[in-house]
Amino acid sequence: MGGSCAQRQRPGRPRPQVLFALLLPLLCPALGQPVRYSIPEELDRGSVVGALAKDLGLGVLEASARKLRVSAEKLHFSVDAESGDLVVKDRIDREQICKGRRRCELQLEAVLENPLNIFHVVVEIEDVNDHAPQFEKKETCLEILESVSVGTRIPLEPATDPDINLNSIKDYQISSNPYFSLMVRVNPDGGKSPELSLEKLLDREEHRSHRLILTALDGGDPPRSATTQIEISVKDINDNPPVFSKEEYRVSVSENLPPGSSVLQVTATDGDEGVNAEISYYFRSTAQSTRHVFSLDEKTGMIRSSQPLDFEEIERYTMEVEAKDGGGLSTQCKIIIEVQDENDNSPQIIIASLSERILENSPPGVVVAIFKTRDRDFGGNGDVKCDISKGLPFKAHASSSNYYKLVTDGDIDREQNPQYNVTITATDRGKPPLSSSTTITLHIADVNDNAPAFQKSCYTVHVLENNALGASIAQVSASDPDLGSNGHISYSIIASDLEPKSLWSYVTVNAQSGVVFAQRAFDHEQLRSFQLTLQARDQGSPSLSANVSMRVLVGDRNDNAPRVLYPALEPDGSALFDMVPRAAEPGYLVTKVVAVDADSGHNAWLSYHVLQASDPGLFSLGLRTGEVRTARALGDRDATRQRLLVAVRDGGQPPLSATATLHLIFADSLQEALPDLSDDPLPSDPQSELQFYLVVALALISVLFLLAVILAIALRLRHSSSPSVWGCFQPGFCSKKRPGVPLNYSEGTLPYSYNLCIGQTGKAELNFLKCSAPLPSAEDIVCSGYPGALIPLHVGDDLTTHPETLTSQAPPNTDWRFSQAQRPGTSGSQNGDETGTWPNNQFDTEMLQAMILASASEAADGSSTLGGGAGTMGLSARYGPQFTLQHVPDYRQNVYIPGSNATLTNAAGKRDGKAPAGGNGNKKKSGKKEKK
């Protein structure tokens, strides 16, 4: 604790040298001395005691900012907030405050905050002459025997003056009288007592009484005085005054002495007899307060206690007892009663300063409160030890005399304990010891030491597609145990597997509530799931945050109708046809309706149904496979041309559907099917005719170029030794064409072409050429070097004359259906059958769809399984010189090749070694537009 030795001198006293006065305040804080001031009593309220802020080395603004104040048991002073001076707050009466002590000092504590500090301040109260001397009695009656000799001294009742030192009683004066003079006796304690000295023998017969006026004067400036009248009666002789056994009595009593208890008995003796020997006892020169505490028996001299004693208020009582005989002679003795201290006062705990705000991250050693203890008992009874509650992150240690600091001593977490009730217990060392306790509440201020925490480690949200715009799809929630802005959480999206630019067009999150809103209608077919990373951030400084992942799964609705991949209409609106051998047995696989649904699960579980049929009993349709099979053999009365209207329904609620029209022709060869195809010619279309003429013009130009190339090849082949090669170019080959039938009928989706040539003999020859590239025109006929090449037909020629050109096509199997494992799509899956059930999970469904795509890729690429053999695997056969592969849509799902009786592999065809049975089962264009 720092302090100052600056001292305010009373007016009129010599002041210290200026240099000493300037240096002393700087040296005294280092010595730990208190700040001392000296003021006279009875100063007016508001009077300046001293420049406290300046003496403490503080400026006025700093003192005000640090809340400079003083504390004491009874506050007589205060600090002026504007000047920092110590001023008088209440009336200061030295006699009331310090009783009879000669040195009167008031102990103050100057308290500073931020940081907490305490300085000791001592204010010495100097006495002023504010009390006049006072006699106990206005009139005193004395009886003196006339036989009293000259020089006899008669003690008088002294006056009392509560002032001390120079202001106390200084002298006595008595009115002029020839018989008596005044003598002033100085007591051992410095007090003065008046005594009358007999200057002349008394004569009762001459003067029966004498009246004197006694004046008491103090040493004040100006002096104050008091008077009393002394009435002296002259009586008969009594020459022996009483005599006490002791001139001074001392006794010690406990402060716990009950009222009415005997304290001391004084005794005096008188050598006279009779009335002159009868002694009475009286208090003399005793303060009125003492007379209230003790009583004196006039007859016995027994002193008893009248009220409880309190060592803490008065430690010692001093009184005088006068013994007076019946003749009027008296004597005095002094009595000193010392009060012994008992441990009857519990310690007191006084909170000097208490911090209003304690941060929860305060390090150990931060001062949160300053308190002091006080025990009014003496010695060991007043020695106090302080303890605080156990298990708290605080401890108390003594900082100075009776002062303690309460400091932090551990980690403080407001989230676990927002406040601490600290019980301070003070125990003295008396026997038995006494203790007292007080509880202070310490409020812990919050700091941002807790990051937000989500209720879940991750979120999975299921949302059905076609949701409403702005709909709430999820809500995240995070908690933060901090208070105020430290616990206020805002939410945001910080990352996603979507494109950053388009993220806000998909979802947004409410920053306050954490509700995630959809900003668009999701489409399961386009977006099945996406990942979000959401962040919860508090408003502390610095702010803390936490992240959580959210996976949004878009569920499927039945919003897509089935899509028929086969049979498909041509761009000009014409429908395809399938050719069925007339000798087809019941169960013969004619074709297959291939459809897909963009939905998933049950919504994509397709079923096939016949809506219309030319002959309902002739064909059967697989419910789940879409396979069209013959239900019975073709009869003589059955029409060769059949039409089936098939509906494809999905498994959604409500179900969606699509329709497909199948044109089936019973024929063993293409020549038999051509009349049926040409029965209904296509209506003329001006736009189509114009396109046709443009194609014909382009074809003529190409033909001229090809003729030149063929001529060059022919000239080169003329020198060749192979007659078979040259035979393809003999006159008369394919010289006639049937009207309405083009020379070249090629398949555009797979590497096979149908080529029809009608020879001069009237027979139609149909064969299959394996070509490495599409045929550019009707005139480009590749022969000889390829299996299945056409040979010229001459009238009368024997076909056996050219055995090298009769490379026949491998016949198809009678049952060329795919096995269960080879069937692509839904109808070809292992789990699918005619009455099969849908796979029990979405994974199986996606596997089936993946198989369809894979099979479609193989078909489009011309894999060996579906197009590598020498079979008739043409799909959607088209005829017309203007058709090329660029007209074919890329339906990779359409991997099933219905209507074909080709073998699956080359090895199969070679192994069978059979000629084709009946027609080749190829698909042809119906020649007219089919209306749905």
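Small disclaimer: the values here were computed from a predicted structure and weren't measured.
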Please report the interatomic distance [atom1]([X]) to [atom2]([Y]), rounded to the nearest 0.5 Å.
| X | Y | atom1 | atom2 | value |
| --- | --- | --- | --- | --- |
| Trp504 | Ile493 | CH2 | CD1 | 5.0 Å |
| Glu465 | Asn560 | CD | CG | 7.0 Å |
| His663 | Ser614 | NE2 | OG | 9.5 Å |
| Ser549 | Lys456 | OG | NZ | 12.0 Å |
| Leu532 | Asp497 | CG | CG | 7.5 Å |
| Leu664 | Leu618 | CG | CG | 8.5 Å |

Are the side chain of [X] and the backbone N or O of [Y] linked by a donor-acceptor pair below 3.5 Å?
| X | Y | value |
| --- | --- | --- |
| His524 | Val554 | yes |
| Thr630 | Tyr588 | yes |
| Arg643 | Ala613 | no |

With heavy-atom distances below 4.5 Å as the criterion, would you say the side chains of [X] and [Y] are in contact?
| X | Y | value |
| --- | --- | --- |
| Gln531 | Ser496 | no |
| Asn510 | Gln475 | no |
| Tyr566 | Thr591 | yes |
| Arg520 | Leu469 | yes |
| Val507 | Met550 | no |
| Asp559 | Asp523 | yes |
| Leu623 | His609 | yes |
| Tyr506 | Leu527 | yes |

Taking all heavy atoms of [X] and all of [Y], pick out the closest pair and write down the distance.
| X | Y | value |
| --- | --- | --- |
| Ser529 | Arg551 | OG-NH2, 2.8 Å |
| Val564 | Ala660 | CG1-CB, 3.8 Å |
| Leu662 | Pro567 | CD2-CG, 3.1 Å |
| Gln519 | Ser505 | CB-O, 3.4 Å |
| Pro562 | Ala658 | O-CB, 3.3 Å |
| Ala631 | Pro586 | O-CB, 3.8 Å |

What residues, two or more places apart in sequence or in another chain, satisfy side-chain contact (heavy atoms from CB on, under 4.5 Å) together with Asn603? Asp556, Asn558, Asp599
Give a yes or no on whether a salt bridge exists between Arg629 and Glu627, defined as a side-chain N under 4.0 angstrom from a carboxylate O. yes
With a 4.0 Å cut-off on N to O distance, would you call Arg637 and Asp615 a salt bridge? no
ring-ring contact (aromatic ring centres under 6.0 Å, His included) partners for Phe530, two or more places apart: Phe522
Taking it one step at a time, do Asp638 and Arg632 satisfy side chain to side chain contact (heavy atoms under 4.5 Å, CB included)? CA-CA 11 Å; Asp638 295 330; Arg632 58 180 176 82; 2.8 Å; yes
Candidate list Leu534, Val463, Thr508, Val461, test side-chain contact (heavy atoms from CB on, under 4.5 Å), partner Val516, passing option: Leu534
Under the side chain to side chain contact (heavy atoms under 4.5 Å, CB included) criterion, do Leu621 and Phe619 qualify, and how do the steps go? CA-CA 7 Å; Leu621 179 63; Phe619 299 96; over 6 Å; no
